[in-house]
Protein chains: 2
Amino acid sequence: MEALAEYFKVFSEPNRLAVLDALREGSLNVTAVVERTGLSQALVSKHLKLLTIAGVVQRRPEGSLVFYEVSDRAVFRLISQAEKLLLATRRQQLDALAASL
Amino acid sequence: MEALAEYFKVFSEPNRLAVLDALREGSLNVTAVVERTGLSQALVSKHLKLLTIAGVVQRRPEGSLVFYEVSDRAVFRLISQAEKLLLATRRQQLDALAASL
DNA sequence: ACCTGGTATCATGATGTCGTTATGCAATTG
DNA sequence: CAATTGCATAACGACATCATGATACCAGGT
């Protein structure tokens with residue numbers, strides 16, 4: 001339960017999701033992620049480190065660059081499922097609200 | 001992305017997961033959740049409130065009791081999928097570690 | 001050996017979250 | 001109506017997290 005909560009926490013931060021989203025199409029180096037997300041370099045580095053420690057992402061130094069890529073693309077399914085559930089939930093909430101008027 | 005992160009955050013807390021787990025088998029009132037989780041009453045109330053606001057759980061007052069239940073059991077699938085991914089990730093990490101020795 | 005571009009880390013301040021204790025309040029019971 | 005039970009909320013302290021700016025690090029290239 002501990003560990004699972006920690007895992008969910010990885011995805012509980014908008015900028016981390018943005019970084020992850022940037023990595024949807026494959027391997028990118030840090031600067032590329034910075035460009036695609038518009039976040040500061042320090043921030044991207046930090047989030048990438050966290051994602052690496054969590055095992056969500058893999059680090060691959062190549063010359064003077066460092067490439068990162070998602071280690072298991074199933075994370076994107078997890079994210080999609082959460083999105084779907086979130087939408088369903090919102091719909092349900094609106095329905096309940098409407099029914100109470 | 002904002003909203004999705006917030007949603008993940010709901011599941012990023014061990015005690016909240018414990019409360020949710022207590023609700024696996026159906027509707028429970030606050031005291032019952034307190035008993036099953038061993039958490040303080042105030043804490044359970046707070047987490048249940050959060051879960052309600054997030055739409056994950058529904059509140060149903062009944063006489064002097066207040067029952068809560070999961071609004072969409074699909075959350076449990078989300079949780080299971082995260083557990084599965086987490087395990088796969090850990091395996092992968094161990095393999096990588098072993099390979100580097 | 002020195003730059004330079006790319007990446008990591010540190011220190012800090014601001015903000016958020018968690019859990020506790022104590023209290024409030026509503027419904028039920030006596 | 002008084003007492004009790006069940007739940008919610010407030011105030012507080014401890015701690016975690018996030019973003020930033022500054023700086024360190026490191027590999028190539030000159």
Side-chain angles (χ1 to χ4, degrees), chain A residues 1-23 26-71 100, chain B residues 1-23 26-71 100:
Chain A
M1 200 124 286
E2 274 291 292
L4 185 58
E6 288 265 318
Y7 191 63
F8 272 117
K9 197 178 291 186
V10 170
F11 305 101
S12 72
E13 223 282 324
N15 290 337
R16 219 134 53 214
L17 289 180
V19 167
L20 226 37
D21 202 59
L23 293 175
S27 186
L28 293 180
N29 71 340
V30 178
T31 305
V33 174
V34 168
E35 283 163 357
R36 299 196 186 203
T37 58
L39 303 175
S40 78
Q41 186 268 317
L43 192 51
V44 168
S45 246
K46 260 169 91 174
H47 283 309
L48 283 172
K49 181 174 190 180
L50 245 180
L51 288 166
T52 304
I53 290 173
V56 173
V57 138
Q58 278 190 345
R59 193 183 120 106
R60 179 167 44 86
E62 191 153 320
S64 70
L65 306 185
V66 179
F67 286 86
Y68 286 88
E69 75 182 311
V70 167
S71 23
S100 74
Chain B
M1 200 122 289
E2 273 291 295
L4 185 57
E6 289 263 318
Y7 191 64
F8 272 117
K9 196 177 292 185
V10 171
F11 305 101
S12 73
E13 222 283 323
N15 290 335
R16 220 138 49 215
L17 288 180
V19 167
L20 227 36
D21 203 58
L23 294 175
S27 186
L28 293 180
N29 71 340
V30 178
T31 306
V33 174
V34 168
E35 284 163 358
R36 299 198 184 204
T37 58
L39 303 174
S40 78
Q41 185 268 315
L43 192 52
V44 168
S45 247
K46 259 168 92 172
H47 283 309
L48 283 173
K49 180 172 191 183
L50 245 180
L51 289 167
T52 304
I53 291 173
V56 173
V57 137
Q58 278 189 346
R59 193 183 120 104
R60 179 167 44 86
E62 190 153 320
S64 71
L65 305 183
V66 180
F67 287 86
Y68 285 88
E69 74 182 316
V70 166
S71 25
S100 76

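All chains are named by letter (A, B, ...) in the order of the sequence lines, taking the proteins before the strands, and each is independently numbered beginning at 1.
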Closest non-hydrogen contact found for Ser71(B) with Gly55(B) is OG-O, 2.5 Å

Do Leu48(A) and Leu23(A) have side chains that approach each other closer than 4.5 Å (heavy atoms only, starting at C-beta)? yes

Is there a side-chain contact between Leu50(B) and Val10(B), using heavy atoms and a 4.5 Å cut-off? no

With Ile53(B), which residues qualify under side-chain contact (heavy atoms from CB on, under 4.5 Å), at least two apart? Lys49(B)

From CG (Leu51(B)) to CD (Glu69(B)), nearest 0.5 Å: 13.5 Å

Kindly write out the residues that satisfy side chain to side chain donor-acceptor pair (under 3.5 Å) with Arg60(A), not counting sequence neighbours, or none if the list is empty. Ser27(A), Glu62(A)

Pairwise distance CG(Leu28(B)) to CG(Leu65(B)) - rounded to 0.5 angstrom: 11.5 Å

For residues 34-44 of chain B, please give each side-chain donor-acceptor pair under 3.5 Å, one per line with the distance, not counting sequence neighbours.
| unit_1 | atom_1 | unit_2 | atom_2 | d |
| --- | --- | --- | --- | --- |
| Thr37(B) | OG1 | Val33(B) | O | 2.8 |
| Thr37(B) | OG1 | Val34(B) | O | 3.4 |
| Thr37(B) | OG1 | Leu39(B) | N | 3.3 |
| Ser40(B) | OG | Leu43(B) | N | 3.1 |
| Gln41(B) | NE2 | Ser45(B) | OG | 3.4 |

Taking N or O atoms only and anything under 3.5 Å, show me the protein contacts with nucleotides 25-30 of chain D, one pair per line.
none

Where along residues 6-16 of chain B does a heavy atom fall under 4.0 Å from DNA chain C? Lys9(B), Glu13(B), Asn15(B), Arg16(B)

Would one find a side-chain N or O of Tyr68(B) under 4.0 angstrom from OP1 or OP2 of dG6(D)? no

Distance in Å, Asn15(A) CG paired with His47(A) NE2, rounded so as to fall on 0.5 Å steps: 5.0 Å

With Phe11(A) via ring pair (Phe, Tyr, Trp, His ring centres under 6.0 Å) - residues at least two apart: Tyr7(A), Phe8(B)

Does the side chain of Val30(B) reach to within under 4.5 Å of the side chain of Tyr68(B), using non-hydrogen atoms? yes

So which pairs with a foot in residues 1-19 of chain B pass salt bridge (charged side-chain N to carboxylate O under 4.0 Å, His left out), sequence neighbours left out? none

Quick one: how far along DNA chain C does chain B reach, first to last nucleotide 5' to 3', anything under 4.0 Å to a heavy atom? dT17(C) to dT28(C)

Within residues 40-52 of chain A, which residues have any heavy atom lying less than 4.0 Å from an atom of DNA chain D? Ser40(A), Ala42(A), Leu43(A), Lys46(A), His47(A)

